[in-house]
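All of these numbers come straight from a predicted model, not from anything done at the bench.
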Amino acid sequence: MNTCQLTGMIDHTLLTPAATEFQLYKLCSEAIHYKCATVAIHPSNIAFAHSILKGSGVGITCGISYPCGFDSLHMKLKEISYAVEDGASDIDMMMNVDALKRKAYSCLEQEAKESLQAIGDRVSKVILEVALLTDEEILTASSIYSQAGFTFVKSSTGYLASPTIDQIALMKKGVGNTGTQVKGAGGFSSLKRIEDGLAAGATRFGTSSMLKILKEIDSNL
Amino acid sequence: MSDKNVKRGSQGSPPCIYQMLEIGMTESIREKQLLKAAELGLSEIFCSMYDYLSMQAGGPFSCAGVVIGFPFGGYSLRTILSHLEDIADNGAEVAKVTIGSRHLTSGTHEELKKLIAAIDEKAKELSLCVIIEIQSALLTLDQIDKFVQLVLTSSFIGISLSTGTPLDHMRIEHLNLVDRLMGDISGKTIYIPYNLYRSENVASIPLQCPITVIFTSEDILSLEGGLPT
């Protein structure tokens, strides 16, 4: 794998609560330099990042109801509309895990349908937080959100335990032939881990360790 | 403005609140944790809007605050204000709002001042009591000082210095600083996590401000018998 192949699949991530404007500026500059897919940041930082990234070709990933997914659908829709207005190109929405645990599938289907309407032509990703789910729940959630038309199902927030590679493969199985892709996030901090994720079917990765991984690639040349 | 759901400091042990904010709890785990909280005498809870609405259906618990922005404080101002409206529309009277630290760490204090003023104004408009929360562990004492100065003149009923997550270990000097700055005339309560209360023996420290101790699920599951005195 070369540098360009890698960085085009990376959501270059900075979710530290105390991140400074300088750190955000540096993140955006690196993302432009390395042609990352997006930067992944908190909603409160979108407008600032947009002022730097506008016209660069690098998108902005914004977490919705992140990382707990506690918010009502009504509030998630508002958060999405604000994020889109502020300049987000990618919406990473935390799913309603409680509803999945209760097998309230119609609730999830409604969440998927209405959130996709709010996201419009932006890239839509739903976070499953697979560390909390059984294999059956991972398959079910991947199936529901892929059939609804989400661009990606995403493994984790990074807040809880990292996904296993088997769980990434399970998500790939769950989306079937819908065209929905899989995003790995949480613990993708080495080249080996990225390569394992790719082999399992992921095509996008959220990581705050991109520079470290690039050094690994350089040292392999 | 009502504060009936918020206990103030007392002569004896400080008031205690259970913060029930785990993701994806099954009903059985939720019931088990609530049962343990009830056994310990924790009748007030910081919770999500979902759990707040569930509690309205009955039971022995009352809501000490619906959380907004937990745990990273990453919400934009517009989102925070919309959440406050949602909380008020649903009948809750207290909100615990976690705000991000970017303006403090970046030195853009005017922006932070505007953010705090906007939350304060909305709280007054909605007759909501607000507890404002920061992750003090991520800040210097000087940054915490700046934050408290901005909050002192607000209508907020208290300051929480930690979200209680494993990533967020506040220190005793944070409590001492905020207590000194707020003094006994601010009328505001300081909210601290139980792990700090226990490890630093806060009960033995003379403080000017009333404090309230926040218990996480991990805390209450580790406690045998009653609450510590």
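Looking at B:Leu21, both its backbone and its side chain come within 4.5 Å of chain A, counting heavy atoms on both sides. Contact of A:Leu24 with chain B is made through the side chain alone, with heavy-atom distances under 4.5 Å. With a 4.5 Å cut-off on non-hydrogen atoms, A:Leu160 touches chain B through its side chain but not through its backbone.
Between B:Leu138 and A:Ala18, the shortest heavy-atom distance links the atoms CB-CB, 3.8 Å. Closest approach of A:Cys68 to B:Pro71, counting heavy atoms only: SG-CD, 4.2 Å.
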Would you list the atom pairs in which one atom of chain B and one of chain A form a donor-acceptor pair under 3.5 Å?
{"from": "B:Met25", "atom 1": "N", "to": "A:Asp98", "atom 2": "OD1", "distance (Å)": "3.4"}
{"from": "B:Tyr50", "atom 1": "OH", "to": "A:Arg102", "atom 2": "NH1", "distance (Å)": "2.9"}
{"from": "B:Gly74", "atom 1": "O", "to": "A:Ser44", "atom 2": "N", "distance (Å)": "2.8"}
{"from": "B:Gly74", "atom 1": "O", "to": "A:Ser44", "atom 2": "OG", "distance (Å)": "3.2"}
{"from": "B:Tyr75", "atom 1": "OH", "to": "A:Asp71", "atom 2": "OD2", "distance (Å)": "2.6"}
{"from": "B:Arg78", "atom 1": "NH1", "to": "A:Glu85", "atom 2": "OE1", "distance (Å)": "2.6"}
{"from": "B:Arg78", "atom 1": "NH2", "to": "A:Tyr82", "atom 2": "O", "distance (Å)": "3.4"}
{"from": "B:Arg78", "atom 1": "NH2", "to": "A:Glu85", "atom 2": "OE1", "distance (Å)": "3.4"}
{"from": "B:Arg78", "atom 1": "NH2", "to": "A:Asp86", "atom 2": "OD1", "distance (Å)": "2.9"}
{"from": "B:Ser82", "atom 1": "OG", "to": "A:Tyr82", "atom 2": "OH", "distance (Å)": "2.6"}
{"from": "B:His83", "atom 1": "NE2", "to": "A:Glu79", "atom 2": "OE2", "distance (Å)": "3.3"}
{"from": "B:Ser101", "atom 1": "N", "to": "A:Pro17", "atom 2": "O", "distance (Å)": "3.4"}
{"from": "B:Arg102", "atom 1": "NE", "to": "A:Glu21", "atom 2": "OE2", "distance (Å)": "3.4"}
{"from": "B:Arg102", "atom 1": "NH1", "to": "A:Ser44", "atom 2": "O", "distance (Å)": "3.1"}
{"from": "B:Arg102", "atom 1": "NH1", "to": "A:Asn45", "atom 2": "OD1", "distance (Å)": "2.6"}
{"from": "B:Arg102", "atom 1": "NH2", "to": "A:Glu21", "atom 2": "OE2", "distance (Å)": "3.3"}
{"from": "B:Thr105", "atom 1": "OG1", "to": "A:Ala18", "atom 2": "O", "distance (Å)": "3.1"}
{"from": "B:Ser106", "atom 1": "OG", "to": "A:Glu21", "atom 2": "N", "distance (Å)": "2.8"}

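With sequence neighbours excluded, no residue satisfies side-chain hydrogen bond (donor to acceptor under 3.5 Å, both in side chains) with B:Glu39.
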